[in-house]
Number of protein chains: 2
Amino acid sequence: MKDLTAQQSKVLNCIEESINKTGFPPTRAEICQKLGFKSPNAAESHLRALEKKDIISIAGGSSRGISIKNKKSSSGGSVPVIGLVAAGSATLASENIEREINVDPSLFSRNVDYFLKVKGLSMIEDGIYEDDLVAIHKTNDFKNGDLAVVRTEDDVTLKYIFKENHKLLLKPANKDFDPIHIDLRNESAEVEGIGVGLIRKN
Amino acid sequence: MKDLTAQQSKVLNCIEESINKTGFPPTRAEICQKLGFKSPNAAESHLRALEKKDIISIAGGSSRGISIKNKKSSSGGSVPVIGLVAAGSATLASENIEREINVDPSLFSRNVDYFLKVKGLSMIEDGIYEDDLVAIHKTNDFKNGDLAVVRTEDDVTLKYIFKENHKLLLKPANKDFDPIHIDLRNESAEVEGIGVGLIRKN
DNA sequence: AAAAATACTATATATTTATACAGTATAAAA
DNA sequence: TTTTATACTGTATAAATATATAGTATTTTT
């Protein structure tokens, strides 16, 4: 990312302040007033510079149409919690959003789309316990050994995933549980996302 | 809090959606468009109703001047991360704040004062791994069996705590580690806080 | 039964606001 | 050295927007 100039930082700061304080972005005039500019074009050109550097986006033709890109946390860091229902291998209640929690997106390595509330003990040997919230990044791209949310024909399960040609291995971390073997020629299976973190409440 | 009517809920929802999606509140016209109203005054009066019920506030004379009230704190959501240095039983670098992360205070059962970054494997059998962030609630009050941050004469360690008269037992969750016995008549020990949760990054 | 709140359409307008255009000046990059 | 980016003032204006006023109709509260 390109560096911002001192003035551009001030303008960006002014935008953030406005959003935090009032709940909405500032107008050009307000930026000018706060930073002591006498021409609205002073604000305008700084905004365009910030837009060019991909720091903000400006909605054309609408007032206060400024939004800060790749916004860390803020207040919009709300992530849904979805519960797995059954034990062991489980059924995802697709729209079963239990609640929403606020998390800092910068916390985890990848963007968190939802938290999966773990039911069952299939991953207990790797420190994933019942009722833990596993942070899921939605993707169907994975590497062998990733912790994946996999939708099989009638189940959704959280396991380590390994793929070799047409064979899919879903491996639990509990010696009392058997690995699941899926032959993709006969059965369908889809990776919904991969685990990028975990939250546990005692 | 007074109940909202169905229409008022829709309008509120529309405002929230706009803020989430675009980064700024909607105009009257935009609300009308989304909800199918044909007069800007339809939106206006619903907004005034929501204002009267203290759900939103409307900044007079400014465009998109809508903000949703009592938005959940977000203020005190910044919590420091402190690293434990050595392995097994460790030394707390007291003011060694690695960084700050934003968490939803309602996430854990008790208020989180800081996160302790775990070093070592002494709690591994209970799913607390190296580099996990254990949410610590500062207190010197504890129950037997609590996960506690204990400052001994020259160490700080995270263990299960048990107290019986003058004897303190600090119990790891790893059979390769020995429990620590402290005789409070000879040695001093202080409970800095107790663990109320955990965050892991993969 | 009357008053107040809800739920709108319809029209109008003062004000807010984005945004273009014309300059000036300096610093940095090509 | 010429171009590009930065950093503004100053003026102007079309378009966006809040907001008032005038109605109608239904539901809820008092």
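Each chain gets a letter, A, B and so on, in the order its sequence line appears, and its residues count up from 1.
For B/Glu30 and D/dA16, the CD to P distance is 11 Å, given to the nearest whole Å. Counting to the nearest Å, the P atom of C/dT6 and the CD1 atom of B/Ile55 are 12 Å from each other. The distance between atom CZ of B/Phe24 and atom C1' of C/dT17, rounded to the nearest whole Å, is 13 Å. When rounded to the nearest whole Å, the span between CZ of B/Arg48 and P of C/dA7 equals 17 Å. Atom P of nucleotide D/dA5 and atom CD of A/Gln7 are separated by 18 Å, given to the nearest angstrom. In this entry the distance linking CG of A/Leu50 with P of D/dA5 reads 15 Å, nearest Å. Straight-line distance from the CZ atom of A/Arg28 to the P atom of D/dA15: 17 Å, rounded to whole Å. Atom-to-atom, CD of B/Glu51 to P of C/dA5 comes out at 15 Å; the value is rounded to the nearest Å.
Taking every heavy atom of residues 33-46 of chain B and every atom of DNA chain C, pairs under 4.0 Å involve B/Phe37, B/Lys38, B/Ser39, B/Pro40, B/Asn41, B/Ala42, B/Ser45, B/His46, by number.
When atom types are taken as modelled, the side chain of B/Ser9 and the backbone of B/Thr5 share a donor-acceptor pair closer than 3.5 angstrom. Side-chain atoms of B/Asn165 do not come within 3.5 Å of backbone N or O of B/Lys167 as any donor-acceptor pair.
Residue order along DNA chain D, read from the 5' end via each residue's closest nucleotide, puts A/Cys32 first among B/Arg64 and A/Cys32. Each of B/Thr5 and A/Thr27 was assigned the nucleotide of DNA chain C with the nearest heavy atom; the assignment lying further toward the 5' end belongs to B/Thr5.
Of all heavy-atom pairs between A/Ser122 and A/Lys159, the closest is OG-NZ, 3.4 Å.
No more than 12 heavy atoms of other residues, nucleotides or ligands shown are found within 6.0 angstrom of NZ on B/Lys10. In the displayed structure, A/Glu187 atom CD is contacted under 6.0 Å by more than 12 heavy atoms of other residues, nucleotides or ligands.
Between B/Phe37 and B/His46, the ring planes lie tilted relative to each other; the angle falls in the 30° to 60° range.
Listed pair B/Lys53 / C/dT6 meets the phosphate criterion, a side-chain N or O lying under 4.0 Å from OP1 or OP2. An OP1 or OP2 oxygen of D/dT17 is reached within less than 4.0 angstrom by a side-chain nitrogen or oxygen of A/Ser63.
Closest to the side chain of B/Ile58, from the set D/dA7, C/dT17, D/dT19, is D/dT19. Among the nucleotides D/dT6, C/dT17, D/dT17, the one closest to the side chain of A/Gln8 is D/dT6.
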Stepwise, does the side chain to side chain donor-acceptor pair (under 3.5 Å) test hold for B/Asp126 with B/Tyr160? CA-CA 11 Å; B/Asp126 277 356; B/Tyr160 290 120; 2.6 Å; yes
